[in-house]
Amino acid sequence: MDEPLKVWFLAPEVAPFAKTGGLADVAGSLPSAIRRLGIDVRVGLPFYRTVKEANFSIKRVLQGLEVPLGDKTLPCDVLETRTSEGILVYFFDREDFFDRADLYGDQDGDYPDNLERFAYFSRAALVFAKESGFCFDVVHCHDWQTGLIPVYLKTICRSDPFFSQAASVFTIHNVGYQGLFPADSLSACGLPPSEFHPEGVEYWGKISLLKAGIAYANAITAVSPRYSREIQTSEFGMGMDGILGNRSVDLYGILNGVDYSAWDPATDKHISVHYSVGNMKGKGACKAALVREMGLDECILDRPLLAVISRLTVQKGYDLLLDVAEDVIGMDAGLVILAAGEKKYQQALDALAQEHHGRMAVRIGFDDPLAHRIMAGSDMLLVPSRYEPCGLTQIYALKYGTVPIVRATGGLDDTICQFDPKSGEGTGFKFTEYDATAFLHQIKAALNAYHDRRTWRKVVRNGMNADFSWEESAREYVSLYQQIAGKGASHG
Ligand code: ADP
Ligand code: GLC
């Protein structure tokens, strides 16, 4: 029998170990789906404080691995665990880089040594693969934090026979995060000055780790078909459209799937009463519990409850949300928001919630169990993003019978079908123009549908019956791995 294809899956965050957004959900669930297709996939991430302090059963398997980085050699410890689905997960430990309160930065902004931190992680993962004899066919990298891995394979690892077959896939989860650093830090990540050129790691006089991944990987993917097209335009490319256009034959849009073992109201361990499309009684109980927990007026039990769960950044459309919030409350609906991120949005949301106490509730912070309870207890989810590479919350919402109202961009457009009350088809409500009027128009359409029981049952049911599990997308990744395997560092 042929040896299974070996894939080294490296990401800066992986659920349930470390999470700031949807990338963690993807990195925490895609490997299992890939493994089910017969691939030997192993996962690697940094050993952050959040992992150290949680109660995972993780053992130290290697001490003092020597990681060359520029003119230094830095030791690294490696820890290991095996998930319930049999995936080996490795953690790269260096206290002064990763034993910090957060993953990428604090209230003062990004950590100033992020280049060294993620160059180190990238280098350590390659050194460890060789040290432990994991002769991978493909390394699958995610976002700018891993963008140097394809570069290392084609430069400093190029003459090492161990890596001669290794090909790389670089997945773009968000072209807005570009990993920009000053040009003079090139040597700190162990690269020769010869890589600093417009077809290499150079980006407007700086180093961009996102661009590095795009330029050097054998294949590039984006997390939805529509986003893979959008980022090749100047409107959505955020300056990367040129290089992405140059590589368009190697760029694939593969839609994210979701993990229904974590996000299904029939089994969700964070909600008090379970429900499913065949038995919806529990949804009312979840709503009642949420209304009480969030301190909303009891009357909201009979009114539509709208929710937002997202990072407080310009990407997620908070200017539109702030514009429409009072209208929504004026339409006799409740509003709950769970979000973490930029201060200016926090303050504006808190002020509104105070003014509309009982009708609107805001929780600032990152709280996964609460995200599940809101998903189950609300009637609609608002996702008015300026741009959205894929978006997972609207897909979770479908499963929870919480009807999504989204902007028709990126993966939001690929995953939600406009509901038509006449035909009874469709799973949610979509608006195209990025403005409050268009957004409100769809909110009103959704509220109208809500007030007609039969119509509402239809749209809820359509969403709950939709299937976004990983199987199909995992097959697309595996066929891409097979296509590039063996092409190695010397090609492409
Ligand atoms: P993005 O990755 O851009 O943040 P996604 O929709 O792909 O957007 O994924 C967001 C993920 O993060 C979802 O699992 C969502 O439930 C979770 N999430 C976002 N904000 C919070 C929060 N404040 N607390 C808990 N979970 C959150
Ligand atoms: C990014 C994107 C989001 C996507 C997630 C997982 O954080 O902003 O749209 O769903 O990655 O791919």
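Being a predicted model, the structure only gives us computed values, none of them experimental. Remember, it's 1-based here, ligands and their atoms both numbered in the order they're listed. Heads up: numbering here begins at 1 and tracks the sequence.
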| field | Atoms of ligand 1 close to R311 [distance to a heavy atom under 4.0 angstrom, numbered from 1] | value |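 Checking each atom against R311, I get 1 (P), 3 (O), 4 (O).
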| query | If you count the atoms of ligand 1 from 1 in the order shown, which ones are under 4.0 Å from a heavy atom of G365? | reply |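 Counting atoms of ligand 1 from 1, those under 4.0 Å from G365 are 22 (C), 23 (N), 24 (N).
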Any heavy atom of [X] closer to ligand 1 than 4.0 angstrom?
X: H173; result: no
X: R363; result: no
X: S310; result: yes

Ion pair present between [X] and [Y], side-chain N to carboxylate O less than 4.0 angstrom?
X: R226; Y: D413; value: yes
X: D99; Y: R49; value: yes
X: E342; Y: R311; value: no

Which ligand 2 atoms does [X] reach within 4.0 Å, using its non-hydrogen atoms?
X: P389; answer: 2 (C), 8 (O), 9 (O)
X: V223; answer: 12 (O)
X: N174; answer: 8 (O)
X: G391; answer: 3 (C), 4 (C), 9 (O), 10 (O)
X: E388; answer: 2 (C), 3 (C), 8 (O), 9 (O)

Tell me whether the NZ or CZ atom of [X] lies within the 45° cone about the ring axis of [Y] and under 6.0 Å from its centre.
X: K206; Y: F181; answer: no
X: R117; Y: F98; answer: no
X: R100; Y: Y111; answer: yes

| field | Backbone or side-chain N or O of D367 under 3.5 Å from ligand 1 N or O | value | yes
| query | With backbone taken as N, CA, C and O and side chain as the heavy atoms from C-beta onward, which portion of K19 lies under 4.0 Å from ligand 1: side chain, backbone, both, or neither? | reply | side chain
| task | With heavy atoms under 4.0 Å as the rule, classify the contact between A339 and ligand 1 as side chain, backbone, both or neither. | result | backbone
Have [X] and [Y] got a donor and an acceptor in their side chains that come within less than 3.5 Å?
X: T50; Y: K19; value: no
X: Y434; Y: D319; value: yes
X: Q482; Y: D137; value: no
X: Y318; Y: S310; value: yes

| said: Heavy atoms only: which of W263, F366, Y387 lies closest to atom 18 (N) of ligand 1? | reply: F366
| Nearest non-hydrogen atom to atom 5 (C) of ligand 2 belongs to which of L23, L392, T20, V26? | L23
| said: Students should be able to answer this: which protein heavy-atom is nearest to atom 2 (C) of ligand 2, and at what distance? | reply: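 For this ligand atom, the closest protein heavy atom is H173 O, 3.2 Å.
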| query | Can you tell me which residue and heavy atom of the protein come closest to atom 8 (O) of ligand 2, and the distance to 0.1 Å? | reply | Q315 NE2, 3.2 Å
| query | R311: heavy atom below 4.0 Å from ligand 2, yes or no? | reply | yes
| Closest approach of D367 and L338, non-hydrogen atoms and distance? |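 So the two residues come closest at O-CD2, 3.6 Å.
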